[in-house]
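Structure record follows, encoded as structure tokens.
From a predicted model like this one, the values you see are computed outputs, not experimental measurements.
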Amino acid sequence: MKNLKKYANKPVIGPLVKKVMDFAINREVKTVARHFSTYLHPLIAETSELCNESYRIRNDVYCDELNFLDTGRDGLEVDDFDSYSTHCLIQHRPTNRFSGTVRVVRPETNQHSLPLQKYCSESIAKDKINPKDFAPHEICEISRLAVPKEFRKRQTDNFKGAATGVINQQIYSENELRCFPFIAVGLYLSAASIVIENNIKHTFVMMEPRLARSMSFIGIQFEQIGPAVDYHGKRAPYYINPSLLMENLTPGFQVMLKDIRKSLNHSSKK
């Protein structure tokens, strides 16, 4: 791939080289999508037990690790938005441990609001799209995405290689290592699946600009609708809708989205 890149901007052969590169990348992503489905299982948290698993991961990440929030009661991080949210988990099939969580906050009445509206409404630029312009059932917010330490590349830990971000191979097999950088992507695609299945027209999210940039590499094109502010670190408001997602999502990740939608639909019907 590195050898091809130097020819990508050449006249005449450049367009052909780019097509070859795109084909190779999409083939690799489809392989990753298959690995994701083999080892990781997205599901809707439809029981109190599963919701508590989500709250526990959030507490571990947002409270104990990052110190963004106070530690929750009984080790569960819960807030007022959870009562009208759909919670999603990703489960590691071989161990049955949960490798990530995300929620979609879904207002049902005018008394319900998004976290963005309650805490960061002033961060949205006046000339940009705003959740207040729509009916409650037309909007949602992707929120509280969290991935436990053991499923992330780590800066420090107690095993050899951890300083360079190696995942603990005593627990996870070598074939699975390629999946873990995609857990966050899987969580966003899980949230997207919830949005699409429920015909929600407008989605908002507060995220780090660097995360938004990394999502754009795979075709998840969030539109920034305001400047970065201090909200659990430097975060900015972003907007996306199903049409924007499907227009830009790369073919390989469209396969992953399709698999995730099937998985979530299956889990919700059990």
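- Surrounding CG of Asp64 are more than 12 heavy atoms belonging to other residues, nucleotides or ligands, all under 6.0 Å away.
- Using a 4.5 Å heavy-atom cutoff, the side chains of Glu108 and His137 are not in contact.
- For Phe98 and His92, the ring centers sit 6.0 Å or farther from each other.
- Taking the six-membered ring for Trp and the full ring otherwise, Tyr55 and Tyr62 have centroids separated by 6.0 Å or more.
- One finds no salt bridge joining Asp74 and Arg56 here, because no Lys/Arg side-chain nitrogen approaches an Asp/Glu carboxylate oxygen to under 4.0 Å.
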Donor-acceptor list for residues 195-202 side chains, cut-off 3.5 Å, not counting sequence neighbours:
residue : atom : partner : partner atom : Å
Glu197  : OE2  : Arg261  : NE           : 3.0
Glu197  : OE2  : Arg261  : NH2          : 2.6
Asn198  : OD1  : Arg106  : NH2          : 3.1
Asn198  : ND2  : Ile194  : O            : 2.7
Lys201  : NZ   : Glu138  : OE2          : 3.4
His202  : ND1  : Tyr239  : OH           : 2.7

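- Here side chain to side chain donor-acceptor pair (under 3.5 Å) pairs that include residues 114-128, with residues two or more places apart or in two chains, number zero.
- Annotation: side chain of Arg103 is in contact with side chain of Asp79 (closest heavy-atom distance under 4.5 Å).
- Using a cut-off of 4.0 Å between Lys/Arg side-chain N and Asp/Glu carboxylate O, Arg144 and Glu77 are scored as salt-bridged.
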Kindly indicate, with the supporting measurements, whether the criterion ring-ring contact (aromatic ring centres under 6.0 Å, His included) is fulfilled by Phe36 and Phe253.
CA-CA 11 Å; Phe36 184 96; Phe253 283 102; 9.6 Å; no
Report the C-alpha separation of Leu264 and Ser190 in whole Å, then their side-chain angles, then the decisive distance to 0.1 Å, and conclude whether the side chain to side chain contact (heavy atoms under 4.5 Å, CB included) test is met.
CA-CA 8 Å; Leu264 292 180; Ser190 295; 4.1 Å; yes
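- Taking the side chain as every heavy atom from C-beta outward, Pro136 and Thr109 never approach each other to under 4.5 Å.
- His232 pairs by the ring-ring contact (aromatic ring centres under 6.0 Å, His included) definition with Phe68, not counting sequence neighbours.
- Residues satisfying the side-chain contact (heavy atoms from CB on, under 4.5 Å) criterion with Ala45, sequence neighbours excluded, are Leu50, Cys51, His87, Leu89.
- For Arg58 and Asp82, the salt-bridge test passes: some basic side-chain N is under 4.0 Å from an acidic carboxylate O.
- Leu76 and Val147 are assigned to two separate hydrophobic clusters, defined by single-linkage of ILVMFWY side chains at heavy-atom distances under 4.5 Å.
- Hydrophobic cluster membership differs between Val78 and Val102, with clusters built from Ile, Leu, Val, Met, Phe, Trp and Tyr side chains linked at under 4.5 angstrom.
- When the ring-ring contact (aromatic ring centres under 6.0 Å, His included) test is applied to His112, the partners found at least two apart in sequence or on another chain are Tyr84.
- Two residues are said to be in side-chain contact when any heavy atoms from C-beta on lie closer than 4.5 Å; Cys140 and Val105 fail this criterion.
- Glu141 pairs by the salt bridge (Lys or Arg N to Asp or Glu O under 4.0 Å) definition with nothing, not counting sequence neighbours.
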